[in-house]
Amino acid sequence: MDKTMSLREAVQRFVTDGSHISIGGFTINRNPMAAVYEIIRQGRQGLHLYAHSNGQGVDELIGGGCVQRLEIAYGGSGRFASTCLRFRKAVQAGTLAVEDYSNYQMSLRFLAGAMGVPFLPTRSGLGSDIVAKWGFPPEYRQSEPRVPDQKLCVMDNPFTGHTDVRKVVLVPAIHTDVAIIHVQQADRQGTARIRGLPFVDVEQAKASAHVIITCEELVASEVLRENADLNCIPPFIVDAVVPVPYGAYPTACYGHYDYDPVFLKHYAELSAEDAAYADYVESHIRGTADHAAFLERAAPDGLEAILANPETGYARNLDRR
Amino acid sequence: MDKTMSLREAVQRFVTDGSHISIGGFTINRNPMAAVYEIIRQGRQGLHLYAHSNGQGVDELIGGGCVQRLEIAYGGSGRFASTCLRFRKAVQAGTLAVEDYSNYQMSLRFLAGAMGVPFLPTRSGLGSDIVAKWGFPPEYRQSEPRVPDQKLCVMDNPFTGHTDVRKVVLVPAIHTDVAIIHVQQADRQGTARIRGLPFVDVEQAKASAHVIITCEELVASEVLRENADLNCIPPFIVDAVVPVPYGAYPTACYGHYDYDPVFLKHYAELSAEDAAYADYVESHIRGTADHAAFLERAAPDGLEAILANPETGYARNLDRR
Amino acid sequence: MNYTPKEMMAIAASRTIRNDDIVFCGTGISMLAAMAAKHISAPESVIFFETGAIDSRLAELPLAVGDPRVMYRTAVNGSLLDSFATMQNRTTGKRVVGILGAAQIDPYGNLNSTVIGDYARPKVRFSGSGGAADVASFVDRTIIFMQHEKRKFVSRLDYLTSPGWLDGGDSRHKQGLCRGGPAMVITNLAVMGFDPQSHRMFLQALYPGVAAADVVANTGFSIDATRCVPLAPPSAEELRVLRDVCDPQRLILG
Amino acid sequence: MNYTPKEMMAIAASRTIRNDDIVFCGTGISMLAAMAAKHISAPESVIFFETGAIDSRLAELPLAVGDPRVMYRTAVNGSLLDSFATMQNRTTGKRVVGILGAAQIDPYGNLNSTVIGDYARPKVRFSGSGGAADVASFVDRTIIFMQHEKRKFVSRLDYLTSPGWLDGGDSRHKQGLCRGGPAMVITNLAVMGFDPQSHRMFLQALYPGVAAADVVANTGFSIDATRCVPLAPPSAEELRVLRDVCDPQRLILG
């Protein structure tokens, strides 16, 4: 089945107000930014967003006014933002409800959803406030069928004799309505290939009822099948395939382009000011028709500087000061 | 660190009488057969072997008198043996203690060991005799620090509200002394690449205190690092790297050679007869100095017929009737 | 009769496979059934193996699910962990049809592929579960292939390897298996279904030339034959695909 | 003084890394410390990132652990699940040195990187754990980088993100954290250790030119300074490697 469609259609069909969603990538790498901008453009609200360290896309969805609840491990962008500022401001203003986990806990929660088990165990967080302090009110947990009644729980290890582990934290599965993943290559049926680190994208996709794949290149199935060992997303979990060149910009896409340090530094500045940020959302996102138009506004001098060196996969000697 | 050594040395150092071990591969594919034969040649006894469907190598280790206890999901070799006969005979004779699990349960148990958690949950086996009937006596479980006190246990799912899963089976982690994996390519430090299906080899390796990698080809690190996305075994878990061409024979090694249907059919016949089997062990395994000598005896007409077609990864139109 | 019981079995199963199904199969007849469906009625169905191969091209017939022939030009070469997760997953699991076989089956579709006799000291040891207990626990629809013999259709299994409807009624659900259960049993004589309430096996459809009495005589427990309908024989096109496309060497069809 | 406190911090940490260590690091000084160790005293140590990159070549300095520069010519490009499993694993976890930072630290090496103020309505919101709580829970040796300020060295954290020695003594073990715990804190003034019994922080080694009183004055809780020794300044060779090999553009050294 040919699942290709426009980004507009994919977002209209699979991301609705109040959807529970996750996006792929990590901090400044391979976020599905074109889809993030399209969600903001379409004015989606009340999203429940699940993230480990999904970075730039998380901050822009918050800044765009789309997110009501956030389960997250890390709201930063490396050296560009030790804490992402729209995230910080929304939490401090009380307009964004947050539930904190660790990166491994969030990864395990996506894995649990992918595996079809209600929870997975880990030693991570024993004795911490991640276990002790809960963010969402119990009424929300009880009234919302997409989230479990408990944030997590601690249990005694029932197996003795071959381990010194006495207790584990059980973290509950995540089941999103939709996961959006940006990849280097996909075919029309949804088989996809990620180059470089996959982060938790594959588990995020498998934990979701629906999956949107945006890709740099749409390729023939036979091209991907020549070396299936490199493919990671099976076609039967995918609902929409959307070719979007530079679909991860301003974050990096290994082998294609680097993150844009100029844009990210500019973003860090304007995200510190409410008025400047509102202008940015209006002019760059709501005021553009699609990702190509966004790119023209965000990188008026073009994208040559960040094009990846074919040998290294990133832009060598890029000025990142 | 250069970890290359001879197969003799690797087996001498890391496989001792009574070791808890696992071997990679699946039924008639990528079993580390050269290492299996070397273990038999060195007369190892009392092994505790963990297997999902590790196939031919499991049956030969049992037939070679090396195995005292076996935790297993499947003791067959596809069409060549719906039940492997040395396995069947040893169980029926009461000389081999067996604990049964399913393939997914065994895979999860290796994964638990790899992850460093004491157990993982699954719905598999609820209501079955895999849960109800235990093979090893409780005294063994209590006296052996490498196995847990329980085969498995059933627990109520503590998370309600977002799932209809009420109960799960918890299966305990496996921690072997040594795992032996055969791969297509490795470097001297132990970074390894598997072509085609990896089965559960990676988790088996990570669940083990020590790892022996046998490989078709020893390659330079830079060759493997040109496309790290294809590599699956990190160097720091590996203790020994042993180049052994045809190291999986008579099972297949994708991209290099097919299984040998002539040998496997012959094996199925002689494994039905105790005397014939004893002769085989003496003449082919104990009576040969190494894998090269074994190959000369096992495939006197050479291995041309099973060489893989570079396009398909297996031998096209091989006579398998 | 210009076809064998094996061919009828493969066709009977292939007819139940739908276009959006994800088909778990072993080797043998189950794979032929899945391949035939792809070529006849369900071209977009996906064949996958417990070993992790997804949408294998199957240019040649594999003789085991670990055969390198399942790895050629797949969509994804995953691991066992991936393949079983596909079945346990709440979204994809609903679309998976699992095809199983066994040494014994009971009236509620529970399967034994482990031992005859006492587990601690069996008279006959079989291969064990493999992935069968997993498939039977997870997927929405299970199809079971059996040779129809009294000693294989038994009131009580020597060992319950793969959970079917357990003790019938809602016992499967009560044990925690919140989904799935056996849909049908396909033998060399007939197709059996399971009653929607009691979940006990009944005779659903007879092959041409087989009488209900043949089924009753070869079943080791009482079986309701009152709801039985005739099954259409394989069409010429079905036979052509099965023989010429799926197994030209007759490696499985014999 | 011909070196900066940042350079001293990186060198102090790099000296503790051994040849068979597997070094978990973030970006910033921790990465420089790990790179310096590889070039000076521990050439076979392996650097890995929580994102899954193992033994990255680091031809250029990454500015985030998700930077594509961590992916170049690695041994394996795994996932987050793989990298944290390496730390939780009973065999490899013992060899991992984790390098962390935080907004607040308490006398037992517990870390806060989540909020200042009340969790439900914080005065200041930070990034959150990321992988820090995982590393702190799993690995055998944790090294913590801090700026030495009273408001950062506090008696009681506003939020305990990453478990250190918890309440001291055997409380970490009692909570179920069967391994690990903070080994040292490295600041712009000194190196702090933890008492083997009480697990309370003490002043272990002072940088050249720093007095114990400076440390006491900048620590928001009482700290034992009686066991303090001087730390050797960076050697010329250490500085050369750090400056010319690890960060020639001074992206991190400033």
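In the text below, chain A, chain B and the rest are named by the order of the sequence lines, each starting its count at 1.
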Under 4.5 Å, heavy atom to heavy atom: which of residues 65-94 of chain C reach chain B? Give them by number, or say none. C:Val65, C:Gly66, C:Asp67, C:Pro68, C:Arg69, C:Val70, C:Met71, C:Tyr72, C:Arg73, C:Asn77, C:Gly78, C:Ser79, C:Leu80, C:Leu81, C:Phe84, C:Ala85, C:Gln88, C:Arg90
Considering only heavy atoms, which portion of B:Asn317 lies under 4.5 Å from any heavy atom of chain C: side chain, backbone, both, or neither? both
Most heavy-atom pairs under 4.5 angstrom with chain B, which of C:Leu160, C:Leu177, C:Leu251? C:Leu160
Relative to chain B, which segment of C:Arg179 carries a heavy atom at a distance below 4.5 Å: side chain, backbone, both, or neither? side chain
With a 4.5 angstrom heavy-atom cut-off, which part of C:Ala53 approaches chain B: side chain, backbone, both or neither? both
Does any heavy atom of chain C fall under 4.5 Å from the side chain of B:Leu197, the backbone, both, or neither of them? both
Would you mind checking which part of C:Leu166 comes under 4.5 Å of any heavy atom in chain B, side chain (CB onward), backbone (N, CA, C, O), both or neither? side chain
Heavy atom to heavy atom, less than 4.5 Å: which residues from residues 81-90 of chain B reach chain C? B:Ser82, B:Thr83, B:Phe87, B:Arg88
Using modelled atom types and a 3.5 Å cut-off, is there a donor and acceptor pairing between side-chain atoms of B:Arg320 and backbone atoms of C:Leu61? yes
Using a 4.5 Å heavy-atom cutoff, which residues in residues 109-116 of chain C come close to chain B? C:Thr114
Structural part of C:Asp158 lying under 4.5 Å from a heavy atom of chain B: backbone
Close side-chain approach of B:Val91 and C:Pro122, heavy atoms under 4.5 Å: yes
Let me know if B:Glu311 has heavy atoms under 4.5 Å from chain C in its side chain, its backbone, both or neither. both
Measure B:Thr251 against the heavy atoms of chain C and call it side chain, backbone, both or neither at under 4.5 Å. neither
Keeping the roles fixed (side chain from C:Glu60, backbone from B:Arg316), state whether a donor-acceptor pair exists under 3.5 Å. no
When heavy-atom pairs shorter than 4.5 Å are enumerated against chain B, which of C:Thr161, C:Ile252, C:Asp167, C:Val124 gives the highest number? C:Val124
Under a 4.5 Å heavy-atom cut-off, does chain C meet the side chain of B:Tyr259, its backbone, both or neither? side chain
Sort B:Val131 into side chain, backbone, both or neither according to what part of it lies under 4.5 angstrom from a heavy atom of chain C. neither
Counting heavy-atom pairs under 4.5 Å to chain B, which of C:Lys123, C:Gln249, C:Arg57 comes out on top? C:Lys123
Residue-level contacts of residues 130-148 of chain C with chain B, using a heavy-atom cutoff under 4.5 Å: C:Gly130, C:Gly131, C:Ala133, C:Asp134, C:Ser137, C:Phe138
C:Arg121 (side chain) donor-acceptor with B:Ala93 (main chain) under 3.5 angstrom: yes
Contacting region of B:Tyr101 [heavy-atom separation from chain C under 4.5 Å]: backbone
Counting heavy-atom pairs closer than 4.5 Å to chain B, which one of C:Gln175, C:Arg250, C:Arg172, C:Lys174 comes out on top? C:Gln175
